[in-house]
Amino acid sequence: MSKRSILIVDDSELNRALLSDMLSSDFDIIEAENGAQAIQILHEKELEISLMLLDIVMPEMDGFEVLAMMNRKDWIRSIPVIMISAETSSASIDRAYDLGAVDYISRPFDERTVKHRVSSNFMLSLRQQEMTELLSSQIYQKEKDNSLMIEILSHIVEFRNGESGMHVLHVNVITQMLLEALVKKTNKYPLNSQDIRMITVASSLHDIGKISVPSEILNKPGRFTPEEFEIMKRHTIEGANMLEAIPYHQDAELVKLGYEICRWHHERYDGRGYPDGLKGDEIPISAQVVSMADVYDALTSERCYKPRIESDKAVQMIMNGECGQFNPLLAECLLDILPRLKTELDVLSFGSNTEEKLQETVKQVLKNDSNGVSDRSIRLLERERQKFQYLSDISLEITFDYSLEPEILNLSDFGAQTLGLPVRITEPSKSEAWGAIFSHENFAHFVDLIKHTNPANSIVIDKYKLTINGEEKWGKVIAKAIWSDTEPPQLDGAIGKIVDVDDEIKAMADFEKRANHDAKTGLFNYNVAKKLIERMLSQQDGKTYVLAMFDLDNFKGANDRYGHLFGDEILAAIADRLRSNMRSTDIAARMGGDEFIFFMEYRDTFEPQIARIFEHLTEKYKDFDVGVSMGIVTSDHYNGNYDDLFKMADEAMYFVKNKNKNNYYIYNENDIK
C-alpha cells in the first residue's frame with residue numbers, strides 16, 4: 001500500500017521538523033508555514049491529503065481561520081484535522097472541536113502520543129471513507145440497474161425502428177437541458193431537481209408504443225398513406241396502454257410521467273396534434289418538453305425516410321411552426337440552450353454520458369437522504385464538468401477560471417497568447433501585468449458583481465475598457481459564478497470569457513435576423529409576428545385592425561406534380577406579393593407549411609384592401625393556378641386575448657375552405673355556428 005500524505009501547518013520550522021521526523025516513516029509529509037499557504041496547498045492538492053496537523057497561533061491566517069475556510073470549502077468533511085498547540089485552555093479546545101477538528105495534541109510533543117493519535121484518526125477516516133464508498137456504490141448500482149432496464153427497453157424500440165441507437169439518449173439530454181432552462185426562465189411550472197430527473201428518465205419511454213406498429217409501416221422510406229399514418233399514430237395510445245396495464249406501482253411517479261409522455265408527446269400547443277387534440281397547457285409539461293426534444297432530434301438525425309438537417313435549420317423550422325406549434329416559452333428555452341446543446345450532442349457517448357447522469361443521481365440521493373455522507377470525488381467531478389461544459393461552448397476566445405480563495409486567475413492558452421500573459425496569474429487584483437490590460441478598478445467591479453450572485457442567478461455580464469496590444473477597446477465579460485453544493489452554498493469563484501463588443505454586435509444582429517424571419521420567405525416567423533400584433537392591439541388608442549389567415553388550396557398538388565423546389569418558389573412568390581401590397585406598419589408572417597397571416601390597420605373600410613391583396617395572391621404563377629382560402633376577423637372582436645382573435649380567423653378560413661375554396665370570408669359568429 002502506498003504512503004498517504006499528511007499536511008503539517010505550523011509557523012515554527014522546528015515544530016514542523018519534529019513532527020516530520022516522527023511521521024515520515026509511515027506518511028509522505030507536506031509542510032506549510034502559515035494558514036494562507038495551507039489553503040493554497042489544499043486548493044491544489046485536496047485529493048492527495050489524508051490528514052492535517054494544524055497549529056492554532058500563526059501569522060497571516062491562524063488555525064481557527066483555516067478551519068473556518070475548510071468548512072466553507074467543505075474540505076473539513078473529507079480531511080481529518082488534528083490541532084497542535086501549547087494553548088490548552090478549554091475555550092480554545094472547544095472552539096477547535098466546534099469548527100470540525102477531530103483531535104487535539106498539545107506541545108511539547110510526545111512521539112508515542114503523536115503516532116497513536118495520528119494513526120487512530122487516520123484509520124477512522126479510512127473506515128468512514130469505506131462506508132461512504134460502499135453506500136455510494138450500492139445506490140449507484142441500484143440506479144444503474146433501473147436506468148439500464150429502461151434504456152434496454154427503449155433501445156429495443158429503436159433497433160426495431162431502424163434508428164441509430166442514440167435517439168433515446170439525445171432525447172434524455174435535450175429534455176434535461178430544456179427543463180433546466182425552463183425553471184430558470186419562469187416559475188409557471190413548479191419543478192424541482194427531482195422532478196427534472198424523473199421526467200428525463202421517463203422520456204426514454206416516449207416511443208415504446210412503436211412495438212405495436214408493423215415493421216413494414218415503421219420502416220417505410222416514403223410517405224405514409226392516410227391509412228398507414230392512422231396506424232402509426234396509434235403508437236401514442238398503445239404506449240400509454242402498456243404503462244396503464246402494469247399490475248403494480250400505478251401510483252409511482254415514473255409510471256405517471258411515462259403515461260403522460262407516451263400518450264401526449266405528439267400533441268401540439270395549438271390543439272392540432274394527436275391523439276386527443278389537447279391544447280396549450282392542457283398538455284402536461286412533461287409531454288410538451290419531450291415533444292420538442294423528439295422533434296429536434298428527429299430533424300437533426302438521419303432517418304430511413306430523410307437526410308439529416310443542420311441544427312440551425314432545424315431550429316428555424318421549429319420556430320416557424322413547420323413541425324406544429326410549441327409552447328412559446330419552450331421555444332425561447334431551445335434558443336437559450338442551442339449553443340450548449342450542439343456541444344453536448346456532439347460529444348455524447350453511451351458510456352460516459354450514462355455514467356455521468358447516474359453519478360449525479362447518487363449525489364442527489366445522498367443529499368436528499370440527509371445521511372451526512374460526503375462523496376468528494378463526485379463533487380469535484382461535478383465542478384470540473386461545469387467548467388468543461390461552459391468553456392467548451394466558448395472555445396477559441398479569451399476564457400478564464402477565477403478562484404477567490406486563494407485568488408488565482410487561470411487563462412486559456414488562446415487567451416494567454418492573445419493578451420501576452422502567463423496562463424496562471426496569482427493575485428490578479430494586485431498584478432501589474434493583469435492591471436495593465438484589465439484595470440484594477442474595473443476588475444474589482446467585476447469581482448464585486450460575482451460576489452453578489454447566488455446559485456439560482458449565477459451569470460454576470462458587463463462591459464469594460466481593455467488595453468490589448470497597446471490598443472484600447474471595449475470588451476464584454478460574460479461569466480458564471482461557481483457555487484458549492486454545500487448547505488449553505490459557498491462562492492468558489494467564476495469561469496467566463498471576454499469578447500470583442502464589435503464582433504458580438506455583428507454576430508447578434510445576424511442571429512436576430514435569422515431567428516426572427518422565416519428562411520424560405522423572408523417574412524416574420526409566427527412567434528415574432530404574434531408578439532408584435534399583441535403589442536399593437538394592447539395600444540389601440542381607437543385604431544381598428546384586421547387579421548387575416550390564409551393557406552393555398554392546392555399546394556400539395558403543386559409539390560406532388562412539380563416537386564418541392566417548385567413549391568418553395570410558390571411560397572416565395574406569395575411572400576413577395578404580400579410585401580408589394582402592404583405598408584411598412586403592416587405585419588405579415590408565414591405560420592408554417594402553406595399557411596400565412598397578415599395584420600393591418602384600416603380606417604373606414606378594409607374590404608377594398610383585402611380584395612386587392614386577394615386578387616394579387618391568386619394570380620397564376622407560371623403554369624400553376626394559385627388558389628387561396630382566406631379567413632378574416634376585425635379587432636372589433638378583440639376581447640384582450642389574441643388567441644381568441646386568432647381562433648376566429650382560423651375558423652373563418654376553414655369555413656370558406658369547406659364551403660367555397662379560392663375565396664375570402666369575414667368572420668360572422670352566426671354563420672360559423
Nearest-0.5 Å distance, [atom1] of residue [X] to [atom2] of residue [Y]:
X: Leu182; Y: Asp336; atom1: CG; atom2: CG; result: 10.5 Å
X: Leu466; Y: Ser439; atom1: CG; atom2: OG; result: 8.5 Å
X: Arg197; Y: Gln176; atom1: CZ; atom2: CD; result: 10.5 Å
X: His452; Y: Asn457; atom1: NE2; atom2: CG; result: 14.0 Å
X: Asp28; Y: Ile6; atom1: CG; atom2: CD1; result: 9.5 Å
X: Met52; Y: Ile30; atom1: CE; atom2: CD1; result: 10.0 Å

Looking only at the side chains, is there a donor atom on one of [X] and [Y] sitting less than 3.5 Å from an acceptor on the other?
X: Ser92; Y: Tyr104; result: no
X: Glu407; Y: Ser429; result: yes
X: Glu48; Y: Ser5; result: no
X: Asn172; Y: Ser204; result: yes

Do the non-hydrogen side-chain atoms of [X] and [Y] ever get within less than 4.5 Å of each other?
X: Trp483; Y: Thr453; value: yes
X: Val118; Y: Leu53; value: yes
X: Ile461; Y: Val477; value: no
X: Asp55; Y: Asn15; value: no
X: Val9; Y: Leu7; value: yes
X: Ile82; Y: Val102; value: yes
X: Asp10; Y: Glu33; value: no
X: Asp11; Y: Asn34; value: no

Work out which heavy atom in [X] is nearest to a heavy atom in [Y]; give both atom names and the distance.
X: His43; Y: Ser403; answer: NE2-OG, 3.1 Å
X: Ile261; Y: Ser203; answer: CD1-N, 3.9 Å
X: His445; Y: Asp462; answer: CE1-OD2, 3.0 Å
X: Gly258; Y: Ala202; answer: N-CB, 4.0 Å
X: Leu67; Y: Ala96; answer: CD1-O, 4.0 Å
X: Ala481; Y: Ile450; answer: CB-CG2, 4.2 Å

Using only atom types and a distance under 3.5 Å, with no angle test, would you say the side chain of [X] pairs donor to acceptor with the backbone of [Y]?
X: Thr200; Y: Ile196; value: yes
X: Ser20; Y: Arg16; value: no
X: Asp195; Y: Asn192; value: yes
X: Ser458; Y: Asn454; value: no
X: His440; Y: Ser431; value: yes

> Does Gln417 CD have over 12 foreign heavy atoms under 6.0 Å away?
Replying inline: no

>> Would you say that more than 12 heavy atoms from the other residues, nucleotides or ligands in this model lie under 6.0 Å from the NZ of Lys185, or not?
In response: yes

> Do Glu65 and Arg72 sit within salt-bridge range, that is, some charged N less than 4.0 Å from a carboxylate O?
Replying inline: no

> Between Lys451 and Asp448, is the closest basic N to carboxylate O distance under 4.0 Å?
Replying inline: no

> Does Phe438 have any ring pair (Phe, Tyr, Trp, His ring centres under 6.0 Å) partners at least two apart in sequence or in another chain, and if so, which?
Replying inline: Trp434, Phe443, Tyr464

>> The criterion is salt bridge (charged side-chain N to carboxylate O under 4.0 Å, His left out); which residues satisfy it with Lys473, sequence neighbours excluded?
In response: Asp500

> For Glu111, what residues pass the salt bridge (charged side-chain N to carboxylate O under 4.0 Å, His left out) criterion, not counting sequence neighbours?
Replying inline: Lys115

> With a 6.0 Å cut-off on ring centres, are Phe27 and Phe122 close enough?
Replying inline: yes

> Taking the six-membered ring of Phe64, is NZ or CZ of Arg95 closer than 6.0 Å to its centre and within 45° of its axis?
Replying inline: yes

